[in-house]
K.L.:
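Right, I'll just put the structure down here and ask away after.
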Amino acid sequence: MSNEKRDEYAIRQEKIKELLELGINPYPYKFEKNADSVYLKSNADDLLEKEFSFAGRIVLKRVFGKLIFAHLRDESGDLQIAIEKNKAQVAGTTLDALKFFKKYCDIGDFVGVEGTLIRTKTGEPTILVKRLYFLAKGLRQLPEKWHGLQDRELIYRARYLHLIDSLEAREVFKKRTRIIYLIRKFLNDRGFYEFETPILQPVYGGAHAKPFKTHANALRTDLYLRISDELYLKRLLVGGYEKVYEFSKDFRNEGIDRLHYPEFLALEAYAAYWDYNDMMKLAEEMLSFLVKEIFGSYVIEYQGEKIDFTPPFKRISYIDELSKRAGFDIVNADTDRIRQKAKEEELSGWNKLDRWRLIDKLFDKLIGDEIKDPTFVLDHPKAISPLAKTHREKNDRVERFELFILGMEIANAFSELNDPIDQRKRFEDQLKQREEGNTEIPPEIDMDFVNALEYGMPPAGGIGFGIDRIVMLLTNQHSIRDVILFPQLRPREED
RNA sequence: GGGCCGUUAGCUCAGGCGGUUAGAGCACCGGAUUUUUAAUCCGGUGGCCGCAGGUUCGAGUCCUGCACGGCCCA
């Protein structure tokens, strides 16, 4: 980029040269570390005067004349080390560690130390170094030590810097893996099998979304990155498995905002002989379990809002609630009436969208956005739910629920449609909707899936969760990009 | 897609109504310093002010366009 970067860069390159001249490998192979910083700090009183080997990145350096303090950061946090003059050597040499550290060890470098755990005058647990190991040289300067990395763009473009810099950021992503671990445990404990189904699909389906398209040379065919794994997990029910799930990276070639990202993590789970009531129970149990495990309480705070996950969650009817809020029977009203209402509510596309997308938008605006605590929205209109069974009592709706929290759609579940004739007809109705202009509907019916259903699929409940959004809620992050390690940004010209 | 905001040293930020050589802190380099917690003190290096045009005697500052990013809206 600029020459000035070179200056610091050049100084550090020079140090590498000098290290080599001293016979010290600036990039050695291995170090035996036997304790981490959190362990040493939290058990310091029991460990005083004992010897440890410890390693990490230098994040702070305070040089006195004959004494150096430095903070080494490892995965778990920071630990102070102290080096006294003429009391420690560089491993494998007779060099005095203090002089060496002062001259060659910069902020950003990795070092290892062997020494005794002590407390300093001020009580800080500190390793008093006896032997110093140089472990890796960094050539670039780290972000500013007090304010840290603030530039949003750099935070996303160079996540490694953000992670070096911010222990809070590390916590967010550690929590993400813990959430995924806990979900896995929850489902495995209930007899679910985790499977992997194709990411590349010849016909995409299971949702309404625009796909990413690619080409397989070996098969001489176009393929799509999945927008959902639903139709494959159901094939597994046909195959005879009774409880299945998959953490599915799904891909939707659409906009990016606080809640949407083109590559996101879904969890879908299916259970034979269940209906959507059973799935509702599963969702309630799973989320309250997660929240309790992570917070020790059912109430969490997200961006200043308290959210109560105490089961059972609230339940409201999609159609009845929407009709009530709109002031007329919305499902049976004619499209002009709905369009009129959409106009009143200032919904974009009120004059373009088809009836069902208008209804869905009205729902989001009038009801979804108002929801705070976890709430099940039940029994959606049939036309927008082609994979769900018709409601056992009311013919105009399906057995479906969506779980909303703070206006966010967190889960979506059905009593799964397993009647192949009905399924084929619903797909055909969908194609008609596509012809009427809804380009998010897949253009082709997955006939192999229909074929599978024709061999018989047991009655089943199914559910899909938006994992990124759950992680957002449980880590108090404002944007989905803050729970995705390496979000995509537009490319920048190279320096 | 629309609106608003941002882009100045490696990082974090100042730069009044346009005015002469663009500042600070951290980091870095040199010196002092044996108990610091963002250590301190003295001295120093480091700028295509996002990019391209325009207005002007004169632009980091005003105007236009573009790029990248953020927030909000649809």
Side-chain angles (χ1 to χ4, degrees), chain A residues 1-15 18 37 41 58-73 77-88 96-99 101-109 118-129 137-158 161-162 164-166 254-260 303 342-343 345-353 357-358 360-362 364-365 369 407 478-482 487-495:
Chain A
M1 201 178 274
S2 59
N3 301 328
E4 290 60 49
K5 192 185 279 176
R6 282 265 139 63
D7 281 357
E8 176 64 11
Y9 202 87
I11 287 165
R12 293 192 180 207
Q13 280 180 312
E14 192 56 38
K15 288 179 183 178
E18 291 173 31
S37 61
K41 272 196 289 195
I58 302 168
V59 291
L60 212 62
K61 190 176 167 185
R62 286 187 281 266
V63 180
F64 296 77
K66 293 169 185 162
L67 174 68
I68 293 175
F69 290 109
H71 289 191
L72 301 191
R73 175 167 296 178
D78 295 352
L79 182 71
Q80 180 166 271
I81 62 168
I83 305 173
E84 290 182 306
K85 191 175 167 76
N86 295 329
K87 294 274 177 61
D96 182 49
L98 180 130
K99 268 174 138 171
F101 193 92
K102 184 177 170 186
K103 185 145 191 218
Y104 295 110
C105 298
D106 293 314
I107 288 173
D109 297 352
I118 59 161
R119 278 191 193 276
T120 61
K121 264 185 196 166
T122 52
E124 180 86 14
T126 299
I127 290 191
L128 185 59
V129 175
K137 189 78 198 158
L139 292 173
R140 295 179 189 267
Q141 295 191 76
L142 261 32
E144 203 254 358
K145 66 182 173 189
W146 185 241
H147 302 89
L149 189 59
Q150 297 293 324
D151 186 312
R152 299 307 300 172
E153 189 174 351
L154 254 187
I155 281 173
Y156 296 139
R157 276 192 205 280
L161 261 191
H162 187 216
I164 287 172
D165 182 64
S166 164
E254 294 167 357
I256 297 176
D257 62 28
R258 190 171 87 81
L259 299 175
H260 297 87
Q303 309 281 299
K343 188 181 178 186
E345 295 295 333
E346 298 172 332
L347 297 179
S348 77
W350 64 270
N351 54 351
K352 293 192 296 249
L353 295 176
R357 279 195 292 174
L358 288 172
D360 219 33
K361 285 205 164 220
L362 278 170
D364 287 341
K365 169 99 193 253
D369 290 352
H478 174 259
S479 165
I480 193 168
R481 271 166 314 197
D482 296 321
Q488 217 62 250
L489 298 184
R490 298 183 81 139
R492 275 172 115 184
E493 70 273 29
E494 291 301 308
D495 29 317

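Labels below follow one simple rule: chain letters A, B, ... track the order of the sequence lines, proteins then strands, and each chain is numbered from 1. Side chains included, hydrogens not; waters and symmetry mates left out as well; all remaining heavy atoms used.
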K.L.:
Between His162(A) and Asp165(A), is there a side-chain donor-acceptor contact under 3.5 Å, judged purely by atom types and distance?
P.N.:
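His162(A) and Asp165(A) do not have a side-chain donor-acceptor pair below 3.5 Å.
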
K.L.:
Quantified in whole Å, what is the P atom distance between nucleotide C51(B) and nucleotide G10(B)?
P.N.:
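So the two P atoms sit 13 Å from each other.
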
K.L.:
Over how many whole Å does the gap from Glu84(A) atom CD to U36(B) atom C1' extend?
P.N.:
13 Å

K.L.:
If the glycosidic angle is within 90 degrees of 0 it's syn, otherwise anti, so just tell me which one G16(B) is.
P.N.:
syn

K.L.:
Closest to the Lys121(A) side chain: U35(B), U12(B), G70(B)?
P.N.:
U35(B)

K.L.:
Measure from the side-chain heavy atoms of Leu489(A) and tell me the nearest of C71(B), U36(B), G69(B).
P.N.:
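The listed nucleotide nearest to Leu489(A)'s side chain is G69(B).
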
K.L.:
Can you find a heavy atom in the side chain of Phe101(A) that is under 4.5 Å from one in the side chain of Val129(A)?
P.N.:
no

K.L.:
Could you check whether Arg62(A) gets within reach of a base, just the sugar-phosphate, or nothing at all, counting any heavy atom under 4.0 Å?
P.N.:
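Arg62(A): base contact, heavy atoms under 4.0 Å.
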
K.L.:
In whole angstrom, give me the gap between the P atoms of G46(B) and A22(B).
P.N.:
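Here G46(B) and A22(B) have their P atoms 13 Å from each other.
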
K.L.:
Considering every strand and a 4.0 Å limit on heavy-atom distances, what is the contact class for Arg119(A): base, sugar-phosphate, or nothing?
P.N.:
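Arg119(A): no heavy atom of the nucleic acid under 4.0 Å.
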
K.L.:
Any chance you could list the contact pattern along nucleotides 22-32 of chain B? Use B for base contacts, S for sugar-phosphate-only contacts and - for none, protein heavy atoms under 4.0 Å, 5' to 3'.
P.N.:
---BBBSS---

K.L.:
Using atom P of each nucleotide, how far apart are G25(B) and A9(B) to the nearest Å?
P.N.:
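Here G25(B) and A9(B) have their P atoms 16 Å from each other.
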
K.L.:
In this structure, how many angstroms lie between the P atom of G47(B) and the CG atom of Asp7(A), rounded?
P.N.:
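Taking atom P of G47(B) as the reference, CG of Asp7(A) is at 7 Å.
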
K.L.:
Round to the nearest Å and state the distance from Leu98(A) atom CG to U34(B) atom P.
P.N.:
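Taking CG of Leu98(A) and P of U34(B), I get 10 Å after rounding.
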
K.L.:
By side chain to side chain contact (heavy atoms under 4.5 Å, CB included), which residues pair with Arg357(A), not counting sequence neighbours?
P.N.:
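If we apply the side chain to side chain contact (heavy atoms under 4.5 Å, CB included) test to Arg357(A), skipping adjacent residues, the hits are Leu353(A), Asp354(A), Asn438(A).
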
K.L.:
Using whole Å, what does the distance between atom C1' of nucleotide U35(B) and atom NZ of Lys87(A) come to?
P.N.:
13 Å

K.L.:
G50(B) and A39(B): how far apart are their C1' atoms, nearest whole angstrom?
P.N.:
37 Å

K.L.:
Can you tell me, in whole Å, how much space there is between the P of A52(B) and that of A59(B)?
P.N.:
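Result for the P pair: 15 Å, nearest Å.
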
K.L.:
Taking only the P atom of each, what is the distance from A27(B) to C42(B) in whole angstrom?
P.N.:
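Those two atoms are separated by 15 Å.
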
K.L.:
Can you see if the side chain of Arg258(A) gets near the phosphate of G70(B) - specifically, an N or O under 4.0 Å from OP1 or OP2?
P.N.:
no

K.L.:
By the 4.0 Å heavy-atom rule, please label Gln80(A) as base, sugar-phosphate, or nothing.
P.N.:
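Contact class for Gln80(A): base.
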
K.L.:
With the criterion set at under 5.5 Å between ring centres and under 30 degrees between planes, would U36(B) be stacked on Phe69(A)?
P.N.:
yes

K.L.:
If you measure from the P atom in C57(B) to the same atom in A14(B), how many Å do you get, rounded?
P.N.:
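C57(B) and A14(B) have their P atoms separated by 33 Å.
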
K.L.:
Base, sugar-phosphate or nothing for Gln150(A)? Non-hydrogen atoms, less than 4.0 Å.
P.N.:
sugar-phosphate

K.L.:
Which residues satisfy the side chain to side chain contact (heavy atoms under 4.5 Å, CB included) test with Lys365(A), sequence neighbours excluded?
P.N.:
Glu345(A), Leu347(A)

K.L.:
When rounded to the nearest 0.5 angstrom, what distance separates CD1 in Ile256(A) from CD in Gln488(A)?
P.N.:
8.0 Å

K.L.:
Rounded to the nearest angstrom, tell me the gap between atom CD in Glu124(A) and atom P in U34(B).
P.N.:
21 Å

K.L.:
Please report the distance separating the P of G58(B) from the corresponding atom of U20(B), rounded so that it comes out in whole Å.
P.N.:
15 Å

K.L.:
So what does Asp151(A) hit on the nucleic acid, given a heavy-atom distance under 4.0 Å: a base, only sugar-phosphate, or nothing?
P.N.:
sugar-phosphate

K.L.:
Could you check which nucleotide pairs with U35(B) in any of the strands shown, counting Watson-Crick or G-U wobble with both distances under 3.5 Å?
P.N.:
none

K.L.:
For G10(B), what is the paired nucleotide under Watson-Crick or G-U wobble rules, both distances under 3.5 Å?
P.N.:
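When the pairing criteria are applied, C26(B) turns out to be the nucleotide that pairs with G10(B).
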
K.L.:
Which base sits across from G19(B) as a Watson-Crick or G-U pair, both distances under 3.5 Å?
P.N.:
C57(B)

K.L.:
I'd like to check Lys85(A) versus Asp96(A) (side-chain heavy atoms, cut-off strictly below 4.5 Å). Are they in contact?
P.N.:
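In short, these two side chains touch, coming nearer than 4.5 Å.
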
K.L.:
Just so I know, are the side chains of Arg62(A) and His71(A) near enough to count as touching, which here means a heavy-atom distance under 4.5 Å?
P.N.:
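They are in contact (side-chain heavy atoms under 4.5 Å apart), so the answer is yes.
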
K.L.:
Using a 90° cut-off around 0 for syn, call C17(B) syn or anti.
P.N.:
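The base of C17(B) is oriented syn (glycosidic angle within 90° of 0).
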
K.L.:
What's the NE2-C1' distance between His71(A) and U35(B), to the nearest Å?
P.N.:
11 Å

K.L.:
Can you give me the N/O atom pairs linking the protein to nucleotides 5-7 of chain B at distances under 3.5 Å, or say none if there are none?
P.N.:
none

K.L.:
Going by ring-ring contact (aromatic ring centres under 6.0 Å, His included), name the residues that satisfy it together with Tyr156(A), two or more places apart in sequence or in a different chain.
P.N.:
none

K.L.:
Asp106(A): what forms a side chain to side chain donor-acceptor pair (under 3.5 Å) with it, not counting sequence neighbours?
P.N.:
Lys15(A), Lys137(A)

K.L.:
Name the closest nucleotide to the Leu67(A) side chain, picking from A38(B), C71(B), U34(B).
P.N.:
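Nearest listed nucleotide: U34(B).
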
K.L.:
Measure the spacing between CG of Leu67(A) and CG of Leu98(A) and express it to the nearest 0.5 Å.
P.N.:
7.5 Å

K.L.:
Find out whether Pro143(A) and Leu161(A) are in side-chain contact, i.e. whether some heavy atom of one side chain is under 4.5 Å from a heavy atom of the other.
P.N.:
yes

K.L.:
For G47(B), give its Watson-Crick or G-U wobble partner with both distances under 3.5 Å, or none.
P.N.:
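WC or wobble partner does not exist here.
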
K.L.:
Do the side-chain N or O atoms of Arg140(A) get closer than 4.0 angstrom to the phosphate oxygens (OP1, OP2) of G10(B)?
P.N.:
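No, no such contact exists.
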
K.L.:
What nucleotide among G70(B), U36(B), C11(B) has an atom nearest to a side-chain atom of Tyr156(A)?
P.N.:
G70(B)

K.L.:
Using heavy atoms to find the nearest nucleotide of RNA chain B for Thr126(A) and Arg490(A) separately, return the residue whose nucleotide is more 5′.
P.N.:
Thr126(A)

K.L.:
When we call it a touch if two heavy atoms are under 4.0 Å apart, what does Ile68(A) touch: a base, just sugar-phosphate, or nothing?
P.N.:
nothing

K.L.:
Restricting to non-hydrogen atoms, name the atom on Gln150(A) and the atom on His147(A) that form the minimum distance, rounded to 0.1 Å.
P.N.:
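Scanning both residues completely, I find the closest heavy atoms to be NE2-O, 2.5 Å.
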
K.L.:
Could you give the CD1-to-P distance, from Ile164(A) to G10(B), as a whole number of Å?
P.N.:
18 Å

K.L.:
In Å, rounded to the nearest 0.5 Å, how long is the span from NZ of Lys41(A) to CD of Gln80(A)?
P.N.:
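Going from NZ on Lys41(A) over to CD on Gln80(A), the span is 10.0 Å.
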
K.L.:
Does any nucleotide pair with U64(B) by Watson-Crick or G-U wobble geometry, both distances under 3.5 Å, and what is it?
P.N.:
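Partner of U64(B): A52(B).
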
K.L.:
Can you tell me which nucleotide in G69(B), U34(B), C71(B) comes closest to the side chain of Phe64(A)?
P.N.:
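Nearest listed nucleotide: U34(B).
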
K.L.:
Take the protein atom CZ of Arg152(A) and the nucleotide atom C1' of G70(B), then report the distance between them rounded to whole Å.
P.N.:
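Between C1' of G70(B) and CZ of Arg152(A): 8 Å.
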
K.L.:
Give none if C71(B) has no partner; otherwise give the nucleotide forming a Watson-Crick or G-U wobble pair with it, both distances under 3.5 Å.
P.N.:
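By the stated definition (distances under 3.5 Å), G3(B) pairs with C71(B).
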
